Amino acid sequence: MSKIYDVIILGAGPGGLAAGLYSGRARLSTCIIEKGQDGGQIAITDSIENYPGQIVEGESGPSLIKRMTEQAEKFGCERVRDTIKSVELGGKIKKLVGTNGSYEGKTVILATGAYPRPIGCKGEQEFLGKGVSYCATCDANFFEELPVYVVGGGDAAVEEAMYLTKFASSVTLIHRRNELRAAKSIQERAFKNEKLHFMWDSVVEELGGDDILQEMKVKNVKTGEITEIRASEEDGMFGLFGFIGRIPNTDLLKDCGLTMDDRGYIPTDDDMKTNIPGVFAAGDVRVKSLRQVVTAAADGAIAATQAEKYINENP
Ligand code: NAP
C-alpha cells in the first residue's frame, strides 16, 4: 500500500514551498509535487527586490527559490517530480495520480499558480526578461528613464501603466480597440496623466533587438498600417509590459468538485480553505488582489497551519 502523507502540496512556487516549510516544521509528513522547475513565475524573474529582507546584491528569482527549496527540504519535505493527471479530492484520503506514480494524503494544498497571458507577438519568448515583462511591481525599477510600452486595456494594464509612469521617461499604452475596458474612475486618472500616451486599435506584431529589446512593429488593426518603434541610441532599449489577463493553472482541477470562479481561480476563506474539506489553496491560484512572492508565502504558511489543525480535528 502506498504511503499516506499528512500533507500533499501541488506546486513548488513560493506558496507551495512556504507551505512545505511550515508543514515540515510541524512534523507533518509532507510531499511537494512539482512538474517543472521550482519557483513558478519567479523562476523567470531576473531580479527580486520586493521580498522583505531581500537585499542580497544580485539576488535573482532562481537564487531566492533555491534557498526556499533547501529550507523546505531541511525540515523533511519529500520532493517528487511528476505531472499530475487526475485528482480525487472529495474523500477523507485525497488521491493524486501522475505520470510516474500516485500519491495519497490526508490534506492537499493546491499551489499551482497562474501565468500571464502572453501578448502573442513574434519574439516575445526571446526577449522575456530582456525588455519584456508581465510584472510592473517587479520590474519597473529596471526601466528608470527609459520609454515603456504596455499592452492591454483593462484595469490591470491601465493601473500598471500609471505605476510605470513613476519610473519610465514615457509610457505608451497599446490597446487593440479604441476604448479602454478599465473602470471609468481609473480611466479618468489615466487620461489626466501627462506621461501616459495611447496607441489605439493597435497590436504588437514583432519584437527585435541585439539580445535586448530595441525594435518593435505595431500594427493598426483598422488601417493595417505598421508603425516601427526603435530605441534611441541614448536609451539603447525600451520596455514592453503585457497585462492582458492571467491564466490560473487549474485545468486539472476542473471536474473534481472544487469551486472556482468564472476565470478558473480558486476562492478560499481567510484560512485558505476551499469548498472541499481538507483541501486548501495558496498563492496565485487563489482569488486575491495582490499576486506577489510575499503574499504567496503568507498563504502557504496559513494553509499548512490550517492543514495541521484539520488533521488534528479529523483523526
Ligand atoms: P481584463 O479585465 O480581462 O482585461 C484584459 C485586457 O487585455 C482587455 O482590455 C483586453 O482587450 C485585452 N486583451 C485580452 N486579450 C488580448 C490579446 N490577445 N491581445 C491584446 N489585448 C488583449 O484583465 P485585467 O486587466 O488583468 O483584470 C483582471 C481582473 O482583475 C478584472 O476583474 C479587473 O477588474 C481586476 N483588477 C482590478 C484592479 C483594480 O480595481 N484596481 C486592478 C487590476 C485588476 P479588450 O478590452 O478588447 O477585450
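Quick caveat: nothing in here was measured; it's all calculated off a predicted structure. Residue numbers run from 1 in the order of the sequence given. Indexing begins at 1, ligand by ligand and atom by atom, following the structure's order.
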Give the residue and atom name of whichever protein heavy atom lies nearest to atom 48 (O) of ligand 1, and the separation in Å to one decimal.
Arg181 NH2, 2.6 Å
Does this structure show an ion pair linking Glu159 with Arg189, if we count only N-O contacts that are shorter than 4.0 Å?
yes
Plane angle bin for Phe143 and Phe241 - parallel if under 30°, tilted between 30 and 60°, otherwise perpendicular:
perpendicular
Got an N/O contact under 3.5 Å between Val151 and ligand 1?
no
Result for side chain to side chain contact (heavy atoms under 4.5 Å, CB included) between Thr83 and one of Asn100, Leu252, Thr99 points to Thr99
Nearest-neighbour protein heavy atom for atom 38 (C) of ligand 1, which is reported as residue plus atom name and distance
Asp155 CB, 3.5 Å
I'd like to check which ligand 1 atoms, numbered from 1 as shown, lie under 4.0 Å from a non-hydrogen atom of Gly245.
26 (O)
Nearest neighbour of atom 13 (N) of ligand 1 from the list Ile244, Leu173, Val287, on a heavy-atom basis
Ile244
For Gly154 and ligand 1, does the shortest N/O to N/O distance drop below 3.5 Å?
yes
With no hydrogens and no angle check, do the side chains of Ser29 and Lys3 hold a donor and an acceptor under 3.5 Å apart?
no
So which heavy atom in the protein is nearest atom 41 (N) of ligand 1, and how far is it from that ligand atom?
Glu159 OE2, 2.8 Å
I'd like to know if Glu70 pairs up with Lys66 as an ion pair, taking the criterion as any Lys NZ or Arg NE/NH1/NH2 lying under 4.0 Å from an Asp or Glu carboxylate oxygen.
yes
Can you check whether Phe238 and Tyr149 have ring centres sitting under 6.0 Å from each other?
yes
If the plane angle is over 60° it's perpendicular, under 30° parallel, otherwise tilted; pick one for Trp200 and Phe191.
tilted
Strictly below 4.0 Å, N to O, side chains only: are Asp38 and Arg81 in salt-bridge contact?
yes
Sub-4.0 Å protein heavy atom next to atom 21 (N) of ligand 1
yes
Restricting to heavy atoms, the pick from Arg177, Arg176, Glu179 nearest atom 10 (C) of ligand 1 would be Arg176
Checking contacts now, so for atom 32 (O) of ligand 1, which I'm interested in, is there any protein heavy atom under 4.0 Å?
no
Side-chain donor/acceptor of Asp284 to backbone N/O of Gly113, under 3.5 Å:
no
Measuring from non-hydrogen atoms of His175 to any atom of ligand 1, is the shortest distance under 4.0 Å?
yes
Atoms of ligand 1 under 4.0 Å from any heavy atom of Ala156, numbered from 1 in the order shown, are 24 (P), 25 (O), 26 (O), 43 (C), 44 (C)
Proximity to ligand 1 by part of Arg263, non-hydrogen separation under 4.0 Å
side chain
